[in-house]
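In what follows, a single structure is set out as structure tokens and then discussed.
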Amino acid sequence: MTTHADHPTTPTDPTEFWEQRYGGSDRVWSGKPNPLLVREVADLTPGTALDLGCGEGADAVWLATQGWTVTGVDISRTALDRAAAHAADAGVTDRTAWEQHELGTTFPAGSYDLVSAQFLQSPVALDQDGVLRSAAEAVAPGGTLLVVMHGGWPSWAEPHEHSVPGAVFPTLDEVMTALDLPEDEWKVVTLDGVASTSTAPDGRTGTRVDNVWRLQRAA
């Protein structure tokens, strides 16, 4: 989800916002890998991977346990420190590296067999289309670009949440248009909206649709 931060106490600077977000609790995420990442990489041969917006490192660490050599990238130093600690606990320090970037301003060097962007949707400024184009450029020949985003509000969300100023949930076609990838260089493997159970903070359950783009670059 992309929204404009309009609360007077909410930082609009991306680094400050995410540092405040991670610094506000001992853990923000579950520590488990995203199920759609697990589903989509199951048939891939491990190689080098780039995890954009890695947060506290759950996806990157899971990939490393599967044999990938992973570079995790995030804007928050606090998140990266937690990711490194998670990697150490999992015994995969030798297969993980961590880099701090404000994506859209700086981007990691190199090319990778897998570039993963899981829920790279921000409540503060983020050049999402530009970052995704850079992500595609970072995919090595024969490699995979995997993008997963929320496709809309969960079914339990209140009506006022549906009208949050600036909220954007890109459609499958909109992201493909933004990427503008040459058809003779890329193959679409997965282009899908996946419904799953979603639980509200107050315990109510419902569903939410997440969109999946898996694209393979020609060798």
Side-chain angles (χ1 to χ4, degrees), residues 2 14-15 18 33-34 36-77 79-80 83-84 87 92 94-122 125-149 170 172-192 210-219:
T2 304
T15 301
W18 287 107
N34 286 310
L36 291 171
L37 168 77
V38 174
R39 186 190 82 171
E40 292 296 327
V41 305
D43 61 347
L44 297 179
T45 300
T48 57
L50 177 64
D51 183 12
L52 299 173
C54 68
E56 294 161 324
D59 287 349
V61 169
W62 180 83
L63 285 167
T65 66
Q66 305 304 301
W68 295 84
T69 300
V70 190
T71 299
V73 172
D74 205 90
I75 193 171
S76 167
R77 174 49 55 188
L80 292 171
V92 293
D94 60 334
R95 291 199 294 277
T96 52
W98 311 99
E99 296 185 14
Q100 186 175 17
H101 290 273
E102 182 180 339
L103 294 172
T105 302
T106 63
F107 197 89
S111 60
Y112 303 83
D113 300 309
L114 170 66
V115 178
S116 173
Q118 301 287 306
F119 305 108
L120 196 63
Q121 295 166 279
S122 175
L126 173 69
D127 178 11
Q128 189 178 75
D129 290 348
V131 172
L132 292 180
R133 285 191 286 268
S134 294
E137 292 173 3
V139 176
T144 294
L145 173 65
L146 177 60
V147 179
V148 179
M149 292 190 200
L172 292 166
D173 288 342
E174 284 171 345
V175 168
M176 292 299 295
T177 298
L179 285 170
D180 193 24
L181 299 174
E183 292 184 6
D184 60 341
E185 295 181 20
W186 290 86
K187 173 185 176 183
V188 176
V189 181
T190 303
L191 194 64
D192 193 15
D210 294 323
N211 289 330
V212 184
W213 300 259
R214 176 179 163 190
L215 308 165
Q216 184 177 5
R217 192 168 203 164

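- Here the closest heavy-atom approach between residue W68 and residue T45 is recorded as CH2-O, 3.5 Å.
- Counting only distance, with no hydrogens or angles, the side chain of R95 and the backbone of A64 share a donor-acceptor pair below 3.5 Å.
- The structure places CZ of F119 at 6.0 Å from CG of L36, a figure rounded to the nearest 0.5 Å.
- You'll find the side chain of L191 stays beyond 4.5 Å of the side chain of N211, heavy atoms only.
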Without placing hydrogens or testing angles, list every side-chain donor-acceptor pair under 3.5 Å for residues 132-144, not counting sequence neighbours.
residue: R133; atom: NH1; partner: A178; partner atom: O; Å: 2.9
residue: S134; atom: OG; partner: G130; partner atom: O; Å: 3.2

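- Across every non-hydrogen atom of P108 and V73, the tightest pair is CG-CG2, 3.8 Å.
- Heavy atoms only, all atoms of each residue included: A83 and V61 are closest at O-CG2, 4.2 Å.
- Side-chain contact between W213 and T190: absent, with no pair of heavy atoms (C-beta onward) separated by less than 4.5 Å.
- Partners of T48 by side chain to side chain contact (heavy atoms under 4.5 Å, CB included), not counting sequence neighbours, listed by chain and number: Y112, D113.
- A heavy-atom distance below 4.5 Å is found between the side chains of M176 and V188.
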Begin from the C-alpha positions of L146 and Q118 and carry the test side-chain contact (heavy atoms from CB on, under 4.5 Å) through to its verdict.
CA-CA 8 Å; L146 177 60; Q118 301 287 306; 3.7 Å; yes
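- Looking only at side-chain heavy atoms (C-beta outward), L52 and V115 come within less than 4.5 Å of each other.
- Here N34 contributes atom CG and E40 contributes atom CD; the two are 12.0 Å apart, rounded to the nearest 0.5 Å.
- For the atom pair CZ (R217) and CG (L145), the distance works out to 10.0 Å, reported to the nearest 0.5 Å.
- Taking the charged nitrogens against the carboxylate oxygens, R39 and D210 have no contact shorter than 4.0 Å, which rules out a salt bridge.
- Of all heavy-atom pairs between V131 and G104, the closest is CG2-N, 3.6 Å.
- In this structure, CG in L37 is found 5.0 Å from OG in S116, a value given to the nearest 0.5 Å.
- F107 has its side chain within reach of L50: a pair of non-hydrogen atoms, C-beta onward, lies under 4.5 Å apart.
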Set out, in order, the CA-CA distance, both residues' side-chain angles and the distance that settles side-chain contact (heavy atoms from CB on, under 4.5 Å) for D94 and T69, then state yes or no.
CA-CA 8 Å; D94 60 334; T69 300; over 6 Å; no
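- Annotation for I75 and E102: closest pair CD1-CG, 3.7 Å, computed over non-hydrogen atoms.
- A 4.5 Å side-chain heavy-atom check between L179 and V147 finds every atom pair outside the cut-off.
- Rounding to the nearest 0.5 Å gives a distance of 7.5 Å between CG of L172 and CG of D192.
- Using a 4.5 Å cut-off on side-chain heavy atoms (C-beta onward), W62 and V41 make contact.
- A heavy-atom distance below 4.5 Å is not found between the side chains of L63 and P33.
- Between the CG atom in D74 and the NE2 atom in H101 there is a gap of 11.0 Å [rounded to 0.5 Å].
- The two residues W98 and A60 have their closest heavy-atom pair at CH2-CB, 3.7 Å.
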